[in-house]
Amino acid sequence: MSELSARYHPKETEKKWYKVWESKGYFRPRSDHEGKKFRKNRYVIAIPPPNVTGILHMGHALNNSIQDILIRWRRMKGDDVLWVPGTDHAGIATQNVVEKKIAKEKKTRHELGREKFLKQVWKWKEEHGNTITSQLRCLGCSCDWSRERFTMDEGLSRAVLESFIQLYERNLIYQGHYIIHWCPRCETALSDEEAAHKEVQGALYHIKYPIQGMGRQAEKIGDDHIVVATTRPETMLGDTAVAVHPQDARYQHLIGKKVILPLMEREIPVIQDEHVDPEFGTGVVKITPAHDPNDFEIGNRHQLERINVMHPNGVINENGKQYAGMDRFKARKKIVEDLESQGLFIRRDSHLHAVGHCYRCDSMVEPYLSKQWFVRMKPMAEKALKAHKEGKTVFYPERWTKVYTHWLEGIRDWCISRQIWWGHQIPVWYDEEGHIFVARSEEEAQAKARDKYGREVSLKRDPDVLDTWFSSWLWPFSILGWPEKAEDLKYFYPTSDLVTAPEIIFFWVARMIMAGLEFLGEEPFNRIYIHGTVRAQSGLKMSKSLGNAIDPLEVIEEIGADALRFSMIMLSAQDVYLSREKFEVGRNFTNKLWNATRFVLMNLDDFKEGSCQLNFEKDRLSLPNRWILSRLNDVTKESEKWLDQFGLSQATTELYHFVWNDFCDWFIELAKPTLMGSDQEAKRQTQKVLFFTLERMLRLLHPVIPFITEEIWQKLRQKASDAKDWPETIMLAAWPKDERYQDAESEKAFCMLQNAVTGIRDLRARLNIPPSQKLDAVIHVKEKKQEEVFATFKNSVEKLSRVDLTIDAEFRKNKAFIGNAFADFEVFIRIEGIVDPSKETLRISKKIEESKKWVAALKKKLDNENFVKNAPEDVVEREQKKLSDAEKLLKSHQEHLALFQ
RNA sequence: GGGCGGUUAGUUCAGCUGGUUAGAACGCUUCCUUGACAUGGAAGAGGUCAGAGGUUCGAGUCCUCUACCGCCCACCA
């Protein structure tokens, strides 16, 4: 007996099925089982790997639900699908975690030494690094775990090494001394993308710089000083000039003169440079080439000295003389105080500006002069732009295209070296003279050095590691075995779709495309679906630190992954604003589906003909059966149409309404009397259709709610007469096709049925007649031939609205009846002796008013010659039909009113 | 400073290429413990589609401007 329990228990069910799926190898591509022969129908998701320190948040949950839906859908369509899961090593984040851990034992990584420290990190990774992947399993993600990868594993490390060397050999990697973003807390360089700009309420400090030798003779401005404005006074310790605009009349006389740098008591020149904006501040800029990117450029143009005044940890160094040893913010305060006491401080204006923050620890980033490795991006960006122009990379929705191309057009070189230990160490060795040897191994470097000098040389490896993104940008092909000529690579590259969040466009999307083009000559994926951002109801981004996060695992624990996925997808037409209540949709829906199935199974006890095949003779089916099959056909077509263009939310909404409104509210309700009736033939037919429709429905829903559909589908499978033809799992059942079961006539007739029932129920409710009281009802059709149509569902109406029904084209209205009018017919109930109808007068009068307005509007439209002339024929026809319907309706209403007067 | 998105029922949102009396979910009102489901069923109330112009026979849907909200990008110190 395959009856379902009264309640659905997601927890056990979900665990059970995930285990089965994984152990039976359903997550692996078909070609693993059947040989590589499906190349035409591959579908590969280029999933961005989550960071190994991460835990699943709602953003992940949405992202991965979408990917799983697409993968499951394509798998059912028969495609050879592959979804390779994995994690990246998250260099800075992971190192921070482990450093914090050893700090508890009062140790630093430097005390431990590189090797021991890295051992600790690996240990941490083994113990904690699988949190996020196990969470993806809870979500139901059908990734191929046998192919799971990690950016630091052997193969991917080889890919990183190889890509570095290839780029170096193509002159696309260079070492340089530039101003980069520096995080003083993590003590490492960051790329531009890793320094997140945030608006900060800062200040503009106005400071006097005394003019050398001008004394009181100054004629034009100030007397003995000029005023500079700066947001970072502490950097003045490293000033090596003061600049004005060449055409600025106020300062002409000062150009070429010298000023005394306060506190440091150094003489520095006044120079002229186009870059200075005379409108801003005082029109005078202090130039600190070692601590500001603009100043660095200006310094280059004027051959200025670069004075670094800061240690890597943000503490002032010996160049800052009396301020050495002070933290950058303390020094700022002290410097302002000292200037004040010397009478050189003028004022502090509050000033709103954007300042970079470390995306890992949120510290204020320092523009810092240092020697780093860079990737020359322009040549690669040009290739990417070309591929885009050729239509090889398409964004959904389209508007993100501009974000992408703008970034590529204004691209800047990528700083890839990091002064940390956890990551891929840069494959570069130096000899004593500082010459560079780029090599795949120490031996190779030694050999190169030997060639150069003709003798053994001692080499030192560059201690820095590469940016984590330098390994993730290779993901779409490194996971497939590149740089080896692996079978997977040949077969699965390029992948099909990339699904990601908007903030990842620069970090990844663009870089992956560039890497794909650079190393394989082919873009790594063609379609890029950018989904919405998950936010808390307040509109803020969900984050743990803000305390407004909803933990997806808690939700799964409570209502199941299916309910979570369903709710989220339904809401995800654009940005998703979440609150706990929003998950009720999914919970209620899974419950509804469960109970509908219970009903079906309960009524299949003696039934042996359940089949997933469409073997109905259309003309012999009853109206409700014809109708539900037609609707099923509609919804099959619609959901496919939406899925094709990443409209998961629309597809899910379609299915929701089909299941709830069409199948449960109408079809099941109509099936009840038939199933309990004595007509065995009709009963069997309805059982067949119930079974068939439910089975198809489950398949359509499976990508969104994989667990419950599998559970139910297996129960149906036990009941099926053709079970031997069913696959072992719904995961491998075929995605339903358009079976051309559409039937406009049935849909129209069914609509009349619904109107008739609703019309009677409405009268009942308004007149306070209890649903249990049986009534006499009459349907007055306007044309004799319609009697036949209504006869086909007379019984249904009687059952659903508890009436004895007569269908009568010649019905004569009278005071014993009260009715509701529709365009094609009217429905009446006998109220004689039951209620006093007088209060209906008002309502009907209102309806008459509405109808009149509507008729007038339509008449006006149709009287307009231009409309008739310009509008398409079918539109005009439709409007004419509407007018005639409206007129009929008006007439009916008027007649109804007349009954009471 | 540049770019993008939003403004539709009490609330959260759909509404594709302009053409059914603008839809749904939640909430609300009334009724219903009817053997699938109260995480339910039935009926109902509720909107001058942010504002102003324009294009059109016809605009929530296209164009312009305005207002407010939000996001992303940015080396004016």
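Just so we're on the same page: letters track the sequence lines, and every chain starts at 1.
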Sugar-phosphate, base or nothing in reach of [X], heavy atoms under 4.0 Å:
X      : result
A:K592 : base
A:N864 : sugar-phosphate
A:R587 : base
A:P502 : nothing

Item to check | Parallel, tilted or perpendicular: rings of A:Y656 and A:W660 (30°, 60°) | outcome: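 Taking A:Y656 first and then A:W660, their aromatic rings sit tilted (interplane angle of 30° to 60°).
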
Does [X] have any side chain to side chain contact (heavy atoms under 4.5 Å, CB included) partners at least two apart in sequence or in another chain, and if so, which?
X      : result
A:S5   : A:H9, A:W594
A:D295 : A:I287, A:T288, A:D292
A:T758 : A:W666

Checklist entry - B:A36 C1' sits how many Å from A:W594 CH2, rounded? => result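 Between C1' of B:A36 and CH2 of A:W594: 12 Å.
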
Checklist entry - What string of B, S and - do you get for nucleotides 3-9 of chain B 5' to 3' if you count protein non-hydrogen atoms under 4.0 Å? => result SSS----

Just the atom pairs and distances: protein N or O near nucleotides 24-31 of chain B's N or O, under 3.5 Å.
{"unit_1": "B:A24", "atom_1": "O2'", "unit_2": "A:H657", "atom_2": "NE2", "d": "3.3"}

Next on the checklist: For RNA chain B, please output the secondary structure as dot-bracket, reading 5' to 3'. Pairs are Watson-Crick or G-U wobble, both atom distances under 3.5 Å; mark crossing pairs with [ ], other-strand partners with |, unpaired with a dot.
Outcome noted: (((((((..((((.....[...)))).(((((.......))))).....(((((..]....))))))))))))....

